[in-house]
Structure formats: C-alpha cells, structure tokens
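For the numbers below, each heavy atom of this structure counts, side chains included, while hydrogens, waters and symmetry mates do not. In what follows, every chain begins at residue 1, and chains take the letters A, B, ... in the order their sequences are listed. Bear in mind the structure is a predicted one, so any value in this text is a computation, not a measurement.
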Amino acid sequence: MPIITLPDGNRKEYDKPVSVYEVASDIGPGLAKATIAGEVGGNLYDACDIFNEDVNLRIITSKDDEGVEIIRHSCAHLVGHAVKQLFPKANMVIGPVIENGFYYDIAVEKTFTQEDVQSIEDRMRSLIRQKYDVIKRVMPRSDVIAAFKSRGEEYKLKLIEDMPDEESMGLYYHQEYIDMCRGPHVPNTSFLENFKLTKVSGAYWRGDSKNEVLQRIYGTAWSSKKELNAYLTQLEEAEKRDHRKLGRELDFFHFSEDAPGSIFWHPKGWKVFRQLIDYMRGRQERAGYIEVNTPDVMDRSLWETSGHWFNYRENMFSTQTEDERIFALKPMNCPGSVSMFSQGLKSYRDLPLRMAEFGKVHRYEPSGALHGLMRVRHFTQDDAHIYCTEEQMGQECIDVVALILEIYQDFGFEDIKIKLSTRPENRIGTDEIWDKLEGALSNALDTMGLGYVLFPGEGAFYGPKLEFVLRDAIGRDWQCGTLQVDMNLPERFDIAYVDEHGSRNKRPVMLHRAVLGSLERFIGILIEQYAGAFPAWLAPEHCVVMNITDKQSEFCSHVVELLIEKGFRASADLRNEKVGFKIREHTLQKVPYILVIGDKEVLSESVSVRKLGGEDLGVMRIGDFCDHLGHDIALFGRRSTSVDFE
RNA sequence: GCUCGCAUAGCUCAGGUGGUAGAGCACUCCCUUGGUAAGGGAGAGGUCCCCAGUUCGACUCUGGGUGUGAGCACCA
C-alpha cells in the first residue's frame, strides 16, 4: 500500500504498486503527458518504474535540468537506432551526455561524411515522428550478453566485461534497436524533437591514443525549439568573436606556414602585448618582485639536471652547433631562475626573493594541438619564482593569490574558479612535507575565504598546485594563473641559503607562479572577452582625430600632437573621404574614441567626441577630453565594456 | 601525433566533363571638400599551397608533403 508524497507535501495513497507515470496521471493529464522520469532520494527512475513502498517522489519533466539530460541521453540512443538502420554493420560503443548535448562513438569501417550525418539526422527525425514508445527491460547478465552476441555488438560485450559485478542490466528497446543503459530514458521519442547533429570526428577507444579510432557523432538537444535556437545562435556569436578572425580583421597578428604555431605580431597587436607587460611590471614591482632575464638557449646538461630532458625530450626544440654541443630552447623558465638564484651566496636576509621573468619559452606542441593564440609553440610567460623559508611560505601563498585575483578584476573577469590539485600517487617527498605544502595552499584560500574545487591526486610529482580558471564572456573556461610549490628543482640543483646561525645548506622553498600564464593566450582570451573592443587602457589606439574637409587638417594634426604629448595613443585620419566613411572604418577597427573636427571646432578649439558604439559625448575642449580619456583609462576593465553593435 | 574536411587575388568567396580563371570589399589613380557607419569613375592585382605521377595538355585526376579547421590524444 504505497503512500507517495509529492514535493508540495501532497500525499497520494494507493492500494497497489504504482508507477511514476500513474502518479503523474492522477495529478493531471497535462503532467502525465509531460512526464519524463521521477526522482526519489536523489535517484532517477523511468516513468514506467513501479513503487510499492512509501516514497517522496518528484516528477521530472523537460523543465527540469535532469529532464533535459535525459532527453540528451535518449537522443544518443536515437542516433544508435538511426545508424543501425542505415549502416547495419556498425558497432555501437558508448553514447554519453555532455555539456549542451551528447555524442555516440561508433565502430564502423566506412567513415561518415557530412551527407551521412545528414541522412542519420533525417532518419532520426522520421523515427521521432513515429512517436514510438521506448521500452525498458531489466534483464539478467547472461541474457544481455546473449542479446548483444546475436547482434554482433562486440564493443557492448567489452563494456559488459568492464562491469563484472553487475548481475542484471537495463536494456532499452527502440523498436528493433536495443541499447544498454542505466537510464532513465524518455517514455517515447516525441520528447526528442529539438535536437541537431553538430559534428562528426574521430575519437580513440577508451580515450587512449594507442587504441583504434572510432567515429564520434556529436549532437545537441534541448527541451524546446526556443532553447535549441538560442544555443545555435550562441555558437554563431562565439564564432564572430573568434580571436583568429578578429585578429586578422583588427590587424593584430598573422601566422605563416614557415613558422607553424608561432605568432607574427603586427604593430597594433604588439601594442596590446606591450601594454600587458608594462601593466604586469608595475603590478609586480609594487608587490616586491625583481625582474631578471635568462638565456633562451642553454646546454643539454642543464635540462638533464632539471629533469626536462628526460620527461619532455620530444616536446623540446633542440639544436646542435658546429662544436657538436647540444642546446635546447627553454621550454620553461625555472632552470634559468634557479641558476640565477645559485649565482653568489644567498642569505636568509635575501628571502623571500621574488624573481620575475617575462620568459619566452618554446615547446614543440603536437601539430593537432595548435590553435590560434591559445596553443602555440612559442609564447611568453609572466613567470616568477619565489624563494623563501618554510615559515614564509604561507604568507607568500596568500600574497600571490591576492595579487592574482586583484589583477583579474582589472580585466573585468569576475567569475574565477580555483582548483587545488593534491599529491599524486607517483611523487617525491615524505607525507609530512606534502602535508605542509598542501596546507600552505589550502590555508591561503581558507584565510582569504575563497572557495575551491579539490582535485585529489592531480598535483605534479614534485608538489601540489593551484590553478585559476577564468570564464570569458561566452562562457568558456581558460586556465591562466597557477601557483605551484616545487620540491624538485631546489633538490636537483642543490640550491641553498645561509641561515641566521651561519649554516650554509638551508634549502629554500620554491614557489612557481604565473598570473596571466601565456601572454599570447591571454590576449586571445581578451580579444574574445571584449569581442575586439578593448577597454581604453589596453586599446592599441585611444582615439582617431578626423577632419571634415581639408581646411581643418592642420588643426587635427595639432590636436594629435597635443594628445601624444600627454601620453595618449592618437592618430589623425585626414584622408579625402566623407566623415561617415571614416567613422565606419575606425568603428570597425574598434577604436574607443573618434574625434571629429569641423570649422566650428577649430573656432572654439574643441573636438566633437563620439564613443565606440555611437554614443555622442558632444563637443568639448581638448583639455576636457583629455580628462575624460584619462578617467576611462584609469578604470581598466573594471566596468562592462561590452558594446552592442554590428 | 590520430580521424575526417579544407587550401583559387590582401580579405570573403564563386568557378570549370582536364585546354593556365572571376565577383564584392580592400589597393592605386581621377573626380568629389562632403558634419557622425560605405559619394562616383577608371585601373592594377593570381606559380589556382608545394613536389612527383597520369596526360598532347593538370589549377582541375592520382600519390606524397606542408599548412589549416573540427574533434580525439597531449598541455611540464
């Protein structure tokens, strides 16, 4: 005699076992039709699942996040149904839910073309139109194995082998097609109409590059047409912000076949780059850092000592000289930094020693990993190594975290995730030391009241690390800052300082940190975050001064000189073009301010100011404009600078 | 590195059963001196990514290479 309690406290009594669907029907026919699944005690159940005990039940529809996930999961099954109808020889592998959608990995001889994907999608739509019921059967293990054996589904059999303890499994029948799944799934295919197959690619079996490549079909699915379209529109918007596209349009940089993965910075892009470095220099100097510079090319033996030669040999650029010495281009700055530290005797009075370097590093990244500015083979780190005593370590960690967060605010990033990765299985050092190092990092976060996500076992073999993940304006995550405690290098390079008792072999603690990470990549993130419309302090150019006719040319040039003298980045556009044309061009180049000068302005020694986006700030004296621009620059990116225009 | 796709003017892209190619924008010149997102006209511009092969003939077909895109794997 089950009593079903609903979230609003309503209780329904039954004199026989009852299904999720039946409970929903008793509440109302509309809900019954919309029911996808039920939730009891945090577990999800199919609409057809039956309860014969008292439970607290929540009905899941497509309005619930769980409902959307189920829709996506069922869509993956529907891919299977369609693929097996069109390509009977295909072996279905796994079809999980991912963010915004789903995929299905398929083992099949032929490779799917765009046309194949289209025909699969068409078949899925016709199956949806049939509104057939998805039927669940829980079967004993042996029956499931027999079912897949008879259908030749080799990979499903392998997956079953991976679950030796399961006595029985759920099979979902999509007409003649069956799929194995924990479920739940939609009751019938009418729930699945708002989907679209998005791409097809290869993927390794079990995610291991040593294994065979399967074909992966990706799709997205939503509870309504509106949400589906919103998502597709968002993808289009993201494409418009693609930093590779904007980088070309704004004339920031280019790439060449002769230097794959390396950037040719044009004057405008380089201006932003220099601005970033200048800004970081100022920040770090105020935070008590010194800056050094170490060689780009160093002897192989150094990299053997650091361990890089052994661990990353294939990913390093190296070179052999006439005298047969082998040198490597530095893939990291730390060995150079350590060499710098060991130059001369260091006293405890020198600690903490915060040694920064804007080091250019080279890494021979796999060709398939290269991606615009985001993943390159030659990039600049805003790197620093802090050498300190064990007692100083805690405070240094706090200071680094505070500095990182403060800097991110200047760029307008508010949504910052922090990941703490702790001791991995393969590691050096005693548990006692690991306790201290992990404690230093977690204490820093706790002291500052910052939340973080723990990644147990994900730390480097030589120490734990913090990672700072930024979310950009279109919702993508980028790992930028890091703070690592390194027990490896001080040991390997045998560095030491003299303590207050004159002992010369005290080992310093070494912190390794970066704020922006790769400057190149950070600029890529910024381009996408700002959609190319940089806030004034970072913009390659603050303003363009333009005349209306030749008569005002001289005054325009005079104004530009004045602005440059005051330290602003300004240029003149005196071309014989209509003012509307020139405004359009500089607007497309996303210059923050456009200053128009006609006869009226010459007479009153003023400028007519137009902001990027079209806002008319009116006519003002040149000095007033300088004040206005100065204030804008001082804001950094702390105010929303997103501009709506096409 | 792996799977699949792509590579034609500075950019965005057309194009041809195999007979060396076009548009728009940009560029140069001329006219126009016009007050807040495209004034008009003319002109110039190409080893159709590279190397082989097939062919009387290859930008087009075949093979290899390079770069690039999506995803996978990798990211000290």
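Contact annotation: A:Arg575 side-chain N/O to B:rU33 OP1/OP2 distance is not under 4.0 Å.
In plain terms, the two heavy atoms of A:Ala90 and A:Lys84 that are nearest each other are O-NZ, 2.7 Å.
A donor atom on one side chain and an acceptor atom on the other are not found under 3.5 Å apart for A:Arg206 and A:Tyr204. A donor atom on one side chain and an acceptor atom on the other are not found under 3.5 Å apart for A:Asp116 and A:Ser119. Side chains of A:Glu458 and A:Thr422: a donor-acceptor N/O pair is absent below 3.5 angstrom, by distance only. Side-chain N/O atoms of A:Glu601 and A:Ser604 include no donor and acceptor closer than 3.5 Å.
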Worksheet item: Base, backbone or nothing for each nucleotide of nucleotides 70-76 of chain B, written B, S, -, heavy atoms under 4.0 angstrom, 5' to 3'?
Response: SBBBBBB

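When rounded to the nearest whole Å, the span between CZ of A:Arg377 and P of B:rG67 equals 7 Å. As a whole-Å value, the separation of A:Gln215 CD from B:rC2 C1' is 13 Å. With rounding to whole Å, A:His266 atom NE2 is found 11 Å from B:rG10 atom C1'. A straight line from CD of A:Glu577 to C1' of B:rA26 spans 12 Å, rounded to a whole angstrom. A:Phe112 places its CZ atom 17 Å from the P atom of B:rU3, with the value rounded to the nearest Å. Whole-Å rounding puts the A:His254 NE2 to B:rG67 C1' distance at 13 Å. One interatomic measurement links the two molecules: CG of A:Leu588 to P of B:rC25, which rounds to 15 Å at whole-angstrom precision. Atom CD of A:Glu109 and atom P of B:rU3 are 14 Å apart (whole Å).
Going from the P atom of B:rC48 to that of B:rG22 covers 14 Å, rounded to whole Å. Across B:rA9 and B:rC13, the matching C1' atoms stand 11 Å from one another, rounded to whole Å. For the C1' atoms, the distance linking B:rA21 with B:rA14 amounts to 11 Å, nearest Å. Comparing the P positions of B:rA42 and B:rU54 gives a spacing of 48 Å, expressed to the nearest Å. For the P atom pair drawn from B:rG5 and B:rG65, the interatomic distance equals 15 Å after rounding to whole Å. Comparing B:rU12 with B:rC49, their P atoms are spaced 15 Å from each other, to the whole Å. Distance check on atom C1': B:rA44 versus B:rC59 gives 23 Å, rounded to whole Å. Taking atom C1' in both B:rU3 and B:rG10, the straight-line distance is 33 Å, to the nearest Å.
Across all strands shown, A:Gly598 has heavy atoms under 4.0 Å from base atoms, whether or not it also approaches the sugar-phosphate. Residue contacts shown for A:Val596 include a base, since a base heavy atom lies under 4.0 Å away. Heavy atoms of A:Asp599 sit under 4.0 angstrom from at least one base atom. A:Lys551 comes within contact range of no nucleotide atom at all, as no heavy-atom separation falls under 4.0 Å.
Outside the 6.0 Å centre-distance limit, the rings of A:Phe253 and A:His266 are not counted as a close aromatic pair. A ring-centre distance under 6.0 Å is found for A:Tyr155 and A:Trp205.
Between the side chain of A:Asn91 and the backbone N or O of A:Glu154, at least one donor-acceptor pair lies under 3.5 Å. Looking only at distances, no side-chain donor or acceptor of A:Gln552 sits under 3.5 Å from a matching main-chain atom of A:Asn547.
Between A:Asp477 and A:Lys417, at least one side-chain nitrogen of the basic residue sits less than 4.0 Å from a carboxylate oxygen of the acidic one, meeting the salt-bridge criterion. Salt bridge present: A:Lys240 and A:Glu237 bring a charged side-chain N and a carboxylate O closer than 4.0 Å.
At a cut-off of 3.5 angstrom, the base of B:rG35 holds at least one donor-acceptor pair with the side chain of A:Glu601. A donor-acceptor contact under 3.5 angstrom links the side-chain atoms of A:Asp550 to the base of B:rU33. Counting distance only, with no hydrogens placed and no angle test, the side-chain atoms of A:Ser608 and the base atoms of B:rU36 include a donor-acceptor pair under 3.5 Å.
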Worksheet item: Can you give the dot-bracket line for RNA chain B, where a pair is Watson-Crick or G-U wobble with both atom distances under 3.5 Å, crossing pairs use [ ], and | marks a partner on another strand?
Response: (((((((..((((.....[..)))).(((((.......))))).....(((((..]....))))))))))))....

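Heavy-atom distances to RNA chain B give each of A:Arg248 and A:Asp258 a nearest nucleotide, and the one nearer the 5′ end belongs to A:Arg248.
When distances are taken from the side chain of A:Thr111 to each of B:rU68, B:rG34, B:rU3, the shortest belongs to B:rU3.
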